[in-house]
Amino acid sequence: MNTTVNTTEVWEMGIETISLYCASALFGNIAFSAMGFGMGICFLFVYQIGVLAGVMGNCGLKHAVFIQNIAILVVQPLVLWKAGLKKNLRLDMMLTMVPMQLIGTPVGQFLQDHVPSAILKIIVGVITIAVALWQIYNIWKATRTSSTEIPPKDGYEMVETKTDQGVHHQEKQSWVTRIKVVFCPLERAIVGMLFFAFLSGFTGGLIGVRGPPLIIFFFLWEYPKAQTRANGTVIATVNTLVRIITYMLKGTPAEYPHDTWFVREDLYLYLAVAGTSIIAAPIGIFLTRYLNKSGYKIALTMLLIINGITMITTASLDIENRGLWAQ
């Protein structure tokens, strides 16, 4: 636990810092309320703009992740209520993903002071951008299919073959389906649920971004938009509650000027972020009705691109300021 208290002036937050945190909460909670994902991705993207602009002072990434948890916790009851859980909740996801979140989240959070975050951010950033590019290719390929053509069945792709007799089209099992058959043979991708849910909890606890592993899962195993949003919201709520409890039990880093994460001096910041979040939630819920299946996929793809840019940028700054192996 931290026993060194720095001067108050070092951590005093001006209106620019508070406004940036509020903007992060607004952008993040609009995305989360609309899709069930994206809070951490969008929050840290806006926060990173503040870092580059020099308005965040000594409020480092760990403090930003802490504030992010307060922001999302405020809106989760409303988003859960609007998600239609009675109709869209899946028992298989709850029995696999929720326990993995309970395991992965505290593991990631307790390893914050021991794992080189820059290296992990680069890995996460590269993977998410690669998956986003793959998804963009799939969307582009789908747009090339004429509306008069019969689309291939799920898990297959249409392959064009040129012969002397002309051009022929036939269905071929996609490489994604072949991977799932080899590594995840169980019905309804139980192995995939376990793996990606643990990875989500781990990255959420470690660097404050739990969404990309789950987005990748829902790209590999497609479910209706309403089910994806509802179950993603429940998993996010579990992740948030575990992190809040961990913050209550875990000490603060050496650079933090208090012995506990929750401090009375920052009450005005908590209230400002909470108020902004309450405004953001109805906006996101309203936007949900305009997201069809393809629009939802495009939005999730954009979240992955934003996450990749943010992770690589923050990693570069960490390496420049603290070295490659800094926690």
Legend entry - Cluster check W221, L303: I/L/V/M/F/W/Y, side chain < 4.5 angstrom: yes
Legend entry - Step-by-step side chain to side chain contact (heavy atoms under 4.5 Å, CB included) determination, L199 to F217: CA-CA 11 Å; L199 192 59; F217 170 82; over 6 Å; no
Inset, instruction - Check the pair Y47, H63 against side chain to side chain donor-acceptor pair (under 3.5 Å), reporting the backbone distance first and the verdict last. - result: CA-CA 11 Å; Y47 162 80; H63 185 262; over 6 Å; no
Inset, instruction - Answer yes or no: is there a side-chain heavy-atom contact under 4.5 Å between C22 and L26? - result: no
Inset, instruction - Identify the two heavy atoms, one from Y296 and one from M35, that lie closest to each other, and give their separation to 0.1 Å. - result: OH-O, 2.6 Å
Inset, instruction - Could you give me the CA-CA distance, side-chain angles and deciding distance for S200 and Q101, then say whether side chain to side chain donor-acceptor pair (under 3.5 Å) is met? - result: CA-CA 7 Å; S200 167; Q101 286 280 316; 3.0 Å; yes
Inset, instruction - State, yes or no, whether a side-chain contact exists between I127 and I216 at a heavy-atom distance under 4.5 Å. - result: yes
Inset, instruction - To the nearest 0.5 Å, tell me how far M39 CE sits from L44 CG. - result: 8.5 Å
Legend entry - F196/L220 under side chain to side chain contact (heavy atoms under 4.5 Å, CB included): CA gap, chis, key distance, verdict: CA-CA 11 Å; F196 284 103; L220 294 174; 3.9 Å; yes
Legend entry - side chain to side chain contact (heavy atoms under 4.5 Å, CB included) assessment of I283 paired with F286: CA-CA 5 Å; I283 298 174; F286 173 77; 5.7 Å; no
Legend entry - Heavy-atom pair of closest approach, residues G201 and N239: CA-ND2, 3.7 Å
Legend entry - Ring centres under 6.0 angstrom apart (F37, F218): yes
Legend entry - Any side-chain heavy-atom pair of L241 and L73 under 4.5 Å: yes
Legend entry - Residue pair A281 / S33: nearest heavy atoms and the distance that separates them: CA-OG, 3.3 Å
Inset, instruction - Starting at CD1 of I123, measure out to OG1 of T203 and round the result to the nearest 0.5 Å. - result: 12.0 Å
Inset, instruction - Could you pull out the closest heavy-atom pair between G308 and I129, with the gap in Å? - result: CA-CG1, 3.7 Å
Legend entry - F66 ring center within less than 6.0 Å of Y247 ring center: yes
Inset, instruction - Give the cluster check for I285 versus L85: same hydrophobic cluster or not, with ILVMFWY residues linked at side-chain heavy-atom distances below 4.5 Å. - result: no
Inset, instruction - Could you grab the distance from atom CE of M193 to atom CE of M93, nearest 0.5 Å is fine? - result: 4.5 Å
Legend entry - Under 3.5 Å donor-acceptor, D266 side chain and L269 backbone: no
Legend entry - Side-chain heavy atoms of V131 within contact of W134, under 4.5 Å: yes
Inset, instruction - Could you tell me the separation between the CG atom of L304 and the CD1 atom of I41, rounded to the nearest 0.5 Å? - result: 6.0 Å
Legend entry - Reference residue V234; test side chain to side chain contact (heavy atoms under 4.5 Å, CB included); the match among N88, L89, V79: L89
Inset, instruction - Establish whether I30 and V74 are linked, either directly or via other cluster members, by ILVMFWY side-chain heavy-atom contacts under 4.5 Å. - result: no
Legend entry - Heavy-atom pair with the smallest gap, counting every atom of S277 and A25: OG-CB, 3.7 Å
Inset, instruction - Could you tell me whether the side chain of T288 and the main chain of A34 form a donor-acceptor pair under 3.5 Å? - result: yes
Legend entry - Side-chain heavy-atom pair I67, Y270 within 4.5 angstrom cut-off: yes
Legend entry - CE-CD1 distance between M302 and I298, expressed to the nearest 0.5 angstrom: 9.5 Å
Inset, instruction - May I ask you to test the T228-P224 pair for a side-chain heavy-atom distance under 4.5 Å? - result: no
Inset, instruction - Walk me through it: do T246 and T105 pass the test side chain to side chain contact (heavy atoms under 4.5 Å, CB included)? - result: CA-CA 9 Å; T246 307; T105 302; 5.5 Å; no
Inset, instruction - Establish, from distance only, whether the side-chain atoms of N69 and R243 form a donor-acceptor pair under 3.5 Å. - result: yes
Legend entry - Cluster check M100, V238: I/L/V/M/F/W/Y, side chain < 4.5 angstrom: yes
Legend entry - Minimum side-chain heavy-atom gap V65-F43 below 4.5 Å: no
Inset, instruction - Please report the shortest heavy-atom distance between T17 and V55, naming the atom on each side. - result: OG1-O, 2.5 Å
Legend entry - Pairwise distance CZ(F262) to CG(L267) - rounded to 0.5 angstrom: 12.0 Å
Legend entry - F27 with I49, same ILVMFWY side-chain cluster at under 4.5 Å: yes
Inset, instruction - Take Q76 and T233 through the side chain to side chain donor-acceptor pair (under 3.5 Å) test and state the conclusion after the steps. - result: CA-CA 8 Å; Q76 281 171 334; T233 301; over 6 Å; no
Legend entry - Side-chain touch Q68/Y21, heavy atoms, less than 4.5 angstrom: no
